[in-house]
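Please read the structure below before turning to the comments.
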Amino acid sequence: MQGVLYVSHGSRLPEALKEAISFIDAVKPRINASLQDICFLELADPTIQQGIERLVSLGASAISVVPVLLFDAKHYYVDIPHEVAAAQKQFPNISFTYGQPLGVQKRLTDILVTRIREQRSVIHQDASIVLVGRGSRYPAIKQKIESIAFTLADTLNVERIKTCYLAACTPSFDEGLRDAIDHGSSQVFVVPYLWFTGLLMQSMEETINGLNHLSQDIVLCRHLGDHPNIKDALVDRVNESFQFNRDFIT
């Protein structure tokens, strides 16, 4: 019997966990698998091990592990494979396959356009866009965020777009925001490339609320959230995962 284990990041914020669970629950009916469960990498239960054990107890003979992640950094290459490798030893008769994160897709960048336009129907000619990534020590992640910024600028036909990061990369969010403000743009759109809400979104909101004394229009856009495009993207990754076999057993 086919099982699917969705591995989301996890958060200390109950609202973020609720959002992630609600999103995945909305995707489940579109997947042709008898058993589907959700687990978290950190900060919440069930863990990956607990998720696998539950699927096995329900009769799964094959488990597709699907990372609910935007990019393929440490969680994808190290943390999840480590847990699944341990489970493979515990359950040697279970067949495991491993899906891929969403990666860079034009349909996801299109969500950013929606998030900007739902905040302001008119984008000023001198507007600055600050694209905010979570950040990673994997150099490829920074390159991917920059490629998304290029596509976003081209789609919106804006000249000034900068990337910055919440951790592990430079420039930092504070530096990127300050650069946009100092440039003197009448509008500054802060666009988070984050899937779900969480403490990082709260932190950005607090920072921007502290700048309400400025004459510039500084706007924090919504995260990617539950847009239909990202639901479609996850459905595709789940379906691909049934055939995608990566040698992650270490």
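- Between Val104 and Lys144 the shortest heavy-atom distance is CG2-CB, 3.7 Å.
- Panel note: side chain Tyr6, backbone Ile21; no donor-acceptor pair is recorded below 3.5 Å.
- When all heavy atoms of Leu17 and Gly10 are compared, the pair lying nearest together is CD2-CA, 4.0 Å.
- Comment: Lys18 does not engage Glu15 in a salt bridge, judged by the lack of any side-chain N to carboxylate O separation of less than 4.0 angstrom.
- Here the shortest heavy-atom pairing between Leu69 and His75 reads CD1-CB, 4.0 Å.
- Judged purely by atom type and a 3.5 angstrom limit, Arg237 uses its side chain to pair as donor or acceptor with the backbone of Leu102.
- Checking side-chain atoms of Gln88 against main-chain N and O of Ile94 turns up a donor-acceptor pair under 3.5 Å.
- Taking all atoms of both residues into account, the shortest heavy-atom contact from Trp195 to His223 is O-CD2, 3.2 Å.
- Using cut-offs of 30° and 60° for the angle between ring planes, the Phe23 and Phe196 rings count as perpendicular.
- Across every non-hydrogen atom of Lys28 and Gln36, the tightest pair is O-NE2, 3.1 Å.
- Counted by atom type alone, Glu206 and Gln202 present zero donor-acceptor pairs between their side chains at under 3.5 Å.
- For the pair Val113/Arg117, a side-chain contact is recorded, criterion being any heavy-atom separation below 4.5 Å from C-beta on.
- Looking only at side-chain heavy atoms (C-beta outward), Arg120 and Phe189 come within less than 4.5 Å of each other.
- Ion pairing between Arg178 and Asp182 holds under the 4.0 Å rule for side-chain N and carboxylate O.
- Without hydrogens or angle criteria, Ser61 side chain to Met1 main chain gives a donor-acceptor distance under 3.5 Å.
- Here the side chain of Asn229 pairs a donor or acceptor atom with the backbone of Arg107 at under 3.5 angstrom.
- Ser22 places no side-chain N or O within 3.5 Å of a backbone atom of Glu19 that could act as its donor or acceptor partner.
- Judged purely by distance below 3.5 Å, without hydrogens or angles, the side chains of His124 and Ser186 pair a donor atom with an acceptor atom.
- Residue Ile80 holds its CD1 atom at 8.0 Å from SG of Cys39, rounded to the nearest 0.5 Å.
- Using a distance-only test at 3.5 Å, with no hydrogens or angles considered, no donor-acceptor pair links the side chain of Glu83 to the main chain of Ile48.
- Looking at every heavy atom in both residues, Phe96 comes nearest to Phe91 through CE1-O, 4.3 Å.
- The main-chain N or O of Gln50 is found under 3.5 Å from a side-chain atom of Thr47 such that the two form a donor-acceptor pair.
- Asp232 and Arg30 are joined by a salt bridge, as a carboxylate oxygen and a charged side-chain nitrogen come within less than 4.0 angstrom of each other.
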